[in-house]
Peer 1: 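Starting off with a structure, shown below.
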Amino acid sequence: MAFRPLGDRVLVRRVEEEEKTRGGIIIPDTAKEKPQEGEVIAVGPGARDESGKIQPLDVKSGDRILFGKWSGTEVKLDGEDLLIMKESDILGVLDPERAAKAA
């Protein structure tokens, strides 16, 4: 993908939730909420501090993250629906080992 976020912005792909609950109930598309979990696709260089020095971001490409329900701006790049958000909109990074066990 030929896109590089600027500043402290991050490009995120939403991770789709399961179609069924743990009890086996199928959730129709109309009742689903947009997932608040995603995968970082690309990150900007970082924000500048008061002295003009760039502070690198805490997230990197490939990280699984949680973000707020209304976070980010929806964009369509290469036919794919993605989000661009500031690093401050990210609530946390999921531990890769725990995320693999949950899936």
Peer 1: Rounded to the nearest 0.5 Å, how far apart are NZ of K69 and CG of L91?
Peer 2: 12.5 Å
Peer 1: Evaluate the criterion side-chain contact (heavy atoms from CB on, under 4.5 Å) for residue pair V93 and V59; output intermediate values, then yes/no.
Peer 2: CA-CA 8 Å; V93 178; V59 295; 3.7 Å; yes
Peer 1: Looking only at heavy atoms, what is the nearest atom pair of D49 and Q55, with distance?
Peer 2: OD2-NE2, 3.1 Å
Peer 1: Do the charged groups of E37 and R64 touch, with an N to O distance under 4.0 Å?
Peer 2: yes
Peer 1: Take R14 and E74 through the salt bridge (charged side-chain N to carboxylate O under 4.0 Å, His left out) test and state the conclusion after the steps.
Peer 2: CA-CA 10 Å; R14 285 186 194 267; E74 294 181 359; 3.7 Å; yes
Peer 1: Checking S61 side chain against I41 main chain: does a donor-acceptor pair fall under 3.5 Å?
Peer 2: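 At least one qualifying donor-acceptor pair exists.
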Peer 1: Is there a donor-acceptor pair under 3.5 Å between the side chain of D63 and the backbone N or O of I65?
Peer 2: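 A pair under 3.5 Å: no.
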Peer 1: Could you pull out the closest heavy-atom pair between G68 and Q36, with the gap in Å?
Peer 2: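 Between these two residues, the closest heavy atoms are C-NE2, 3.6 Å.
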Peer 1: Out of curiosity, R9 CZ to D89 CG, how far, rounded to the nearest 0.5 Å?
Peer 2: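 Separation between the atoms: 10.0 Å.
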Peer 1: Between L11 and V40, is there a side-chain heavy-atom distance shorter than 4.5 Å?
Peer 2: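 No; the side chains remain at least 4.5 Å from each other.
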Peer 1: Please tell me if the side chains of V75 and L83 come closer than 4.5 Å, counting only heavy atoms from C-beta onward.
Peer 2: no
Peer 1: Mind checking what makes side chain to side chain contact (heavy atoms under 4.5 Å, CB included) contact with S88, not counting sequence neighbours?
Peer 2: K86
Peer 1: Under the 3.5 angstrom rule, does the side chain of E87 hit a backbone N or O of D58 as a donor-acceptor pair?
Peer 2: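 Yes: the side chain of E87 pairs with the backbone of D58.
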Peer 1: CD1/I54 to CZ/R48 distance, rounded to the nearest 0.5 angstrom?
Peer 2: 4.0 Å
Peer 1: Check whether any side-chain heavy atom of V10 lies under 4.5 Å from a side-chain heavy atom of L57, and answer yes or no.
Peer 2: yes
Peer 1: Apply side-chain contact (heavy atoms from CB on, under 4.5 Å) to D78 and F3, showing your working.
Peer 2: CA-CA 10 Å; D78 296 337; F3 180 81; over 6 Å; no
